[in-house]
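Heads up: the structure comes next, in structure tokens.
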Amino acid sequence: MEKGLHPIINTGGDTPQMTMIEQKLQQAVADALNRLYSLEVSPDTVVLQATKKEFTGDYTVVVFPYVKQARRSPEQVANELGAMVKESVSEVAGFNVIKGFLNFEIADNYWIDFVSEKHLDTSFGFKKANPDEAPVVVEYSSPNTNKPLHLGHIRNNLLGWSVSELLAANGANVKKVNLVNDRGIHICKSMLAWLRFGNGETPESSGMKGDHLVGKYYVEFDKHYKEEVRQLMDKGMEEEEAKKQAPLMLEAQQMLKRWEEGDKEIRDLWTKMNEWVYAGFDETYRKMGVGFDKIYYESNTYLLGKELVQKGLDMGVLYRKEDGSVWCDLTGDGLDQKLLLRRDGTSVYMTQDLGTALLRHNDFGAEQLIYVVGNEQDYHFKVLKLILGKLGFDWADKVYHLSYGMVELPNGKMKSREGTVVDADDLIAEMEVTAEEMCRDHGKNDDMTPDQLKALYHMLALGALKYFILKVDPTKNMLFNPAESIDFNGNTGPFIQYTHARICSIVRKAAEQGVNLQDTLSSPVTLTDKERAVVKCLHDLPSTVASAAANFSPAMIANYAYDLAKSFNSFYQDTPILRETDANLRLFRVKLCSLVAVSLKNAMRILGIEVPERM
RNA sequence: GGUUCCGUAGCUCAGCUGGAUAGAGCAACUGCCUUCUAAGCAGUAGGUCCUGCGUUCGAAUCGCAGCGGAAUCACCA
């Protein structure tokens with residue numbers, strides 16, 4: 001990822017006094033280095049890391065970088081630093097040194113105060129957005145209206161939604177937008193096939209979801225088109241030529257031309273079929289739990305793109321070939337010539353993307369324009385930014401392509417022709433069935449109403465699916481193994497949902513027993529190792545949100561939620577909570593539980609996953 | 001062929017700007033439910049971090065080369 005292009009992510013801490021222990025330590029170490037050895041060290045370059053489990057301590061400073069200049073042995077530097085920092089930072093209860101590693105132990109009181117202050121804060125981990133700030137606009141989904149959504153779109157939608165939530169959690173003023181690719185040759189193919197072979201079939205007459213119906217005719221087109229190409233080739237035509245000359249293809253191109261000319265008949269058919277598709281998409285979006293602040297349609301923006309092309313011609317940064325097609329010469333940038341208008345004057349993908357970029361910039365005055373689009377389009381976005389720059393837009397560098405990896409299946413890539421696409425609606429439906437089976441097997445929810453059960457199945461199904469996809473680094477290609485995706489054990493969404501439900505159960509019972517979370521602790525408590533591990537994990541949430549946002553990586557949030565859940569379960573396994581007889585200790589532990597529940601809920605919310613109070 | 005990305009346990013993935021003995025889950029094997037939800041917990045086994053060279057006190061992480069894989073280089077989107 002091009003780090004230099006990551007702009008404007010606000011990475012400050014949220015509530016200073018509690019999250020600044022790290023900075024405090026770094027500052028103290030830097031000061032000590034200066035006083036002891038006269039070294040000028042910037043605090044943020046002090047390497048501070050969590051102490052590994054096998055050593056005692058909470059934070060570790062690596063002193064190797066300073067030993068040469070200090071002219072002391074690593075151990076000596078570490079000991080001298082440790083002693084001085086212990087004096088200056090009240091939270092430091094002690095330290096130990098192993099080789100060049102200086103391990104600081106933080107006083108339990110610090111952790112206990114942290115839990116006491118935060119456990120009732122339902123927005124723990126989130127920063128507030130400033131509504132006056134220029135927004136960050138995130139485009140995602142961007143479907144074509146000629147076929148239903150599939151697994152690839154699912155990753156896009158989940159990522160787009162989650163990254164938006166993530167940036168918002170980190171304090172950005174986020175606007176989610178969708179750019180519907182509702183025009184173009186692909187739609188004409190569906191329309192043509194429907195006219196030719198459809199016999200007037202509608203979603204109502206067939207009982208088929210609109211997007212699936214239109215998709216059916218897209219496949220139908222391809223089938224007949226292939227047949228035509230084969231026939232031409234049998235007559236001795238070269239394949240390349242046959243693909244151009246097949247009557248269906250010529251007719252589709254003709255239809256596109258008529259569409260751009262505003263032919264009423266074509267436009268009416270187009271409107272009708274697109275409406276079918278939108279009704280289908282809306283249902284899928286609703287089931288996935290994603291949505292948008294604004295929806296753009298390319299049919300409304302492509303003309304602006306054409307105007308831009310004209311402007312580019314006037315400016316002399318674009319040129320027209322003899323056949324009438326318009327191009328941009330990018331050879332000076334190490335790239336190639338790029339077509340912007342076809343010979344027949346119709347626009348291509350790039351043309352309309354120029355238009356939408358300008359429109360969006362004008363609409364929002366955005367600080368940043370993020371496009372969640374697969375890495376197969378890396379080249380496209382490189383070119384888009386270049387051309388915007390050539391057209392004289394100084395905001396071209398605000399365009400950021402959030403490029404994510406492809407989804408592969410165990411037996412290779414998805415190919416619509418070979419019927420190996422995983423349909424989004426089918427997948428969700430299967431997950432719901434699995435969730436229902438799992439719940440039945442466990443039999444823990446027999447007293448829930450049918451509506452409650454249905455909602456629970458849906459929540460768990462989506463939790464499993466979303467977590468499975470979002471837990472992997474977005475920039476990487478991922479393998480979607482259906483068998484593993486429906487697993488509810490281990491590093492999965494339902495595991496985290498389950499942990500949340502368990503905690504809710506404890507908190508409910510605590511209330512029944514008269515434990516009042518508003519009460520303050522009557523005396524200090526002594527933390528067990530497992531408690532301390534849980535608290536430290538909780539303490540990391542704000543900084544995890546900040547770094548996940550800086551990296552546009554929901555995966556970092558998913559991993560965090562998993563670590564927290566695991567840490568909690570380990571604690572829960574062998575630590576009495578409600579069974580604890582010391583009322584003060586019991587109160588602390590319930591507070592701790594409550595903060596874990598809040599943190600899990602908030603982390604999962606960033607992923608677009610809801611958590612149940614019972615399951 | 002040019003460009004870009006990737007290569008960590010049998011499989012799927014973590015491993016933050018270089019730091020201590022490389023971690024999880026799944027699969028396999030052992031234990032733990034008369035006790036707060038066992039969708040859990042604890043443990044065993046499993047590694048040439050693709051290979052080689054280099055930079056460094058220190059490399060899975062940075063650089064170069066090679067091998068292997070993917071994407072892209074359309075008058076498709």
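Every chain is numbered from 1 and lettered A, B, ... according to where its sequence line falls, protein lines coming before strand lines. On a predicted model such as this, the values are computed, not experimentally measured, just so you know.
Looking only at atom types and distance, the side chain of A/Thr56 has no donor-acceptor partner in the side chain of A/Asn103 under 3.5 Å away.
In the interface, the side chain of A/Asn569 is not paired with the base of B/A42 through any donor and acceptor atom under 3.5 Å apart. The base of B/A20 is paired with the side chain of A/Thr60 by a donor and an acceptor separated by under 3.5 Å. With hydrogens and angles left out, the side chain of A/Asp323 and the base of B/C75 share a donor-acceptor pair within 3.5 Å.
Judged as a side chain to side chain donor-acceptor pair (under 3.5 Å), and not counting sequence neighbours, the contacts of A/Asn274 are A/Thr145.
Across all strands shown, B/A28 is found opposite B/U44 as a Watson-Crick or G-U wobble partner, with both distances under 3.5 Å. Figure legend. B/A65 is base-paired to B/U51; pairs are counted as Watson-Crick or G-U wobble with both atom distances under 3.5 Å.
Between B/A60 and B/G7, the two C1' atoms lie 11 Å apart (nearest whole Å).
A sub-4.0 Å separation between OP1 or OP2 of B/G19 and a side-chain N or O of A/Lys52 is absent.
Separating the NZ atom of A/Lys338 from the P atom of B/A74 is a distance of 7 Å, rounded to the nearest angstrom.
Applying the ring pair (Phe, Tyr, Trp, His ring centres under 6.0 Å) test to residues at least two apart or on different chains, the pairs with a partner in residues 560-580 of chain A are A/Phe495-A/Tyr562, A/Phe568-A/Phe571, A/Phe568-A/Tyr572.
Ring-plane geometry between A/Trp259 and A/Trp270 is classed as perpendicular, the angle between the planes exceeding 60 degrees on a 0 to 90 degree scale with a lower cut at 30.
Classified by its glycosidic torsion, B/C33 falls in the syn category, the angle being within 90° of 0.
Using a 5.5 Å limit on the distance between ring centres and a 30° limit on the angle between planes, the aromatic ring of A/Phe64 counts as stacked on the six-membered base ring of B/G19.
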